[in-house]
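Notes for the one structure printed next.
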Amino acid sequence: MLKPNAHYKELKDSYLFYHIAQKTKGYLDAHPDTHLLRLGIGDVSQPLCKAAIDALHRAVDDQADAATFHGYMPECGAPFLRETIAAHYAKRGVALRPDEVFVSSGASDELGDILDLFDRGSTVLIPEPAYPAYVDANVMAGHKIVHLPTGKENGFLPRPEAAAQADVIYLCSPNNPTGAVLSRAQLQTWVDFANDCGAVILFDAAYEAFIEDDNLPHSIFELPGARTCAIEICSLSKTAGFTGTRLGYTVIPQTLERCGQALNAMWVRNRTTKTNGISYILQRGGAAVFSEEGQTQTRAQIAVYKSNARLLTDALDELGLWYTGGKNAPYIWLQCPHGLSSWEFFDLLLQQAQIVGTPGAGFGACGEGYFRFSCFGSPADTAEAAKRLRSVCGK
Ligand code: PLP
């Protein structure tokens with residue numbers, strides 16, 4: 001008799017998004033003509049930039065001609081894209097070899113798949129509040145999870161300490177859901193800690209493109225020592241609107257080894273076994289994002305989300321509510337007013353302002369009493385939400 005993976009029984013129901021959907025549906029059933037202002041979702045609203053669209057069209061045409069047609073692509077990524085990404089890092093002073101860059105179909109896929117590199121008995125440290133997939137992927141893998149709560153007192157930024165002993169450490173900066181960003185010095189303490197104890201940091205840089213302060217690190221590899229303790233997982237989803245197109249990349253330095261095994265070589269073995277590469281067409285579209293034209297155009301899209309963030313933070317500043325994020329990140333994490341719980345504030349905003357946000361309690365116990373706004377919505381809806389927020393929370 002087949003024995004299924006019993007760890008699936010340990011997974012908690014994805015209560016957060018299910019419950020949001022149920023409550024939202026209930027409200028719409030009772031008020032069918034309402035236009036809800038959706039500041040809950042982390043999906044983008046701006047279309048792909050012209051440079052990417054043009055490259056995608058050209059790549060489709062390539063596939064129509066035997067002379068330019070591509071069949072299976074190299075499993076770890078097309079050389080043209082691996083070189084382009086390495087050159088992009090070089091502009092920030094990070095020297096990578098193209099064979100240290102692996103093209104992926106997105107950060108979510110990689111965050112789960114990469115666990116193949118680690119022993120099943122590994123202990124994994126997850127600072128919270130956290131992107132829910134970190135916990136679930138590790139529950140499925142049977143890993144021991146150590147939760148590291150953060151809070152207002154440390155700006156929701158995790159710090160290494162005795163409790164942080166683990167084999168694998170997740171760091172997400174800029175963070176989802178808090179929008180908090182690790183400074184160079186704070187990230188350096190993690191790099192030093194991981195090198196000292198032999199842990200590997202999984203650095204989720206899905207929101208690096210939102211960083212505007214020059215002194216904040218976009219990549220963990222900007223820091224000395226990271227090449228011996230870190231893997232960086234990145235995505236074009238939020239950088240360039242690829243959530244529905246799907247493209248990402250993972251950086252594993254050749255110098256990252258544990259117990260005599262090189263993690264880069266192990267990942268090559270993994271990818272060449274478990275994938276047949278990413279579509280040629282998508283990789284051409286992705287390469288165009290890194291062109292000068294693509295960078296200018298994607299920066300303009302990000303500016304739209306940043307101006308959404310400003311509309312909301314201006315309202316929060318006026319209301320005197322405490323928050324992190326919104327400046328170098330597309331998320332704002334605020335303390336619920338009047339001591340309300342996350343779900344009480346959710347209900348208040350839905351009922352009185354027709355705003356849908358995300359209750360902080362859904363990202364870990366230490367998120368209770370906090371709330372996440374996403375800045376990826378339409379500017380008109382965000383402006384209206386800021387107006388209603390002033391009126392509802394100002395009472
Ligand atoms: N990592 C974080 C922190 C995210 O918030 C998300 C998506 O919301 C992802 C990874 C997944 O990105 P992708 O669309 O590349 O799978």
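Ligands are counted one by one from 1 in listed order, and the atoms in each one are counted from 1 as well.
In this structure, the protein non-hydrogen atom closest to atom 5 (O) of ligand 1 is Y207 OH, 2.5 Å. Among all non-hydrogen protein atoms, the one lying nearest atom 14 (O) of ligand 1 is S237 OG, 2.6 Å. Nearest protein heavy-atom neighbour of atom 8 (O) of ligand 1: K238 NZ, 2.8 Å. At the top of the distance list for atom 12 (O) of ligand 1, counting protein heavy atoms only, stands A107 CB, 3.7 Å. Nearest non-hydrogen protein atom to atom 9 (C) of ligand 1 is Y131 OH, 3.5 Å. At the shortest separation from atom 2 (C) of ligand 1 among protein heavy atoms lies D204 OD2, 3.3 Å.
Side-chain atoms of D99 and Q254 form a donor-acceptor pair, as typed in the model, at a separation below 3.5 Å. Side-chain contact, Y323 with D317: a donor N or O sits under 3.5 Å from an acceptor N or O.
A salt bridge links D29 to K25: at least one charged side-chain nitrogen sits closer than 4.0 Å to a carboxylate oxygen. Taking the charged nitrogens against the carboxylate oxygens, R271 and E110 do have a contact shorter than 4.0 Å, which makes a salt bridge.
At least one N or O atom of S235 sits closer than 3.5 Å to an N or O atom of ligand 1. On a distance-only criterion, N176 and ligand 1 share at least one N/O pair closer than 3.5 Å.
Near R246, meaning under 4.0 Å from any of its heavy atoms, are these atoms of ligand 1: 13 (P), 14 (O), 15 (O), 16 (O). Below 4.0 Å from some heavy atom of S108 lie the following atoms of ligand 1, by number and element: 11 (C), 13 (P), 16 (O).
Considering Y207, F373, F156 in turn, Y207 is the only one that fulfils the ring-ring contact (aromatic ring centres under 6.0 Å, His included) rule with Y331.
A heavy-atom separation below 4.0 Å is not found between T243 and ligand 1. In this structure, E110 does not count as a contact residue of ligand 1, since none of its heavy atoms falls inside 4.0 Å of the ligand. Residue F242 places no heavy atom under 4.0 Å from ligand 1.
Note on ring orientation: taking the six-membered ring where Trp is involved, the planes of Y131 and Y134 are perpendicular (angle over 60°, cut-offs 30° and 60°).
Stacking of R258 on the aromatic ring of F118 is not recorded, the 6.0 Å distance cut-off and the 45° axial limit not both being met. Taking the ring centre of F363 as origin, the terminal cationic atom of R372 falls outside the region bounded by 6.0 Å and 45° from the ring axis.
For the salt bridge (Lys or Arg N to Asp or Glu O under 4.0 Å) test, no residue two or more places apart in sequence or in another chain qualifies with K12.
Contacts of C172 with ligand 1, taken as heavy-atom pairs under 4.0 Å, involve the side chain alone.
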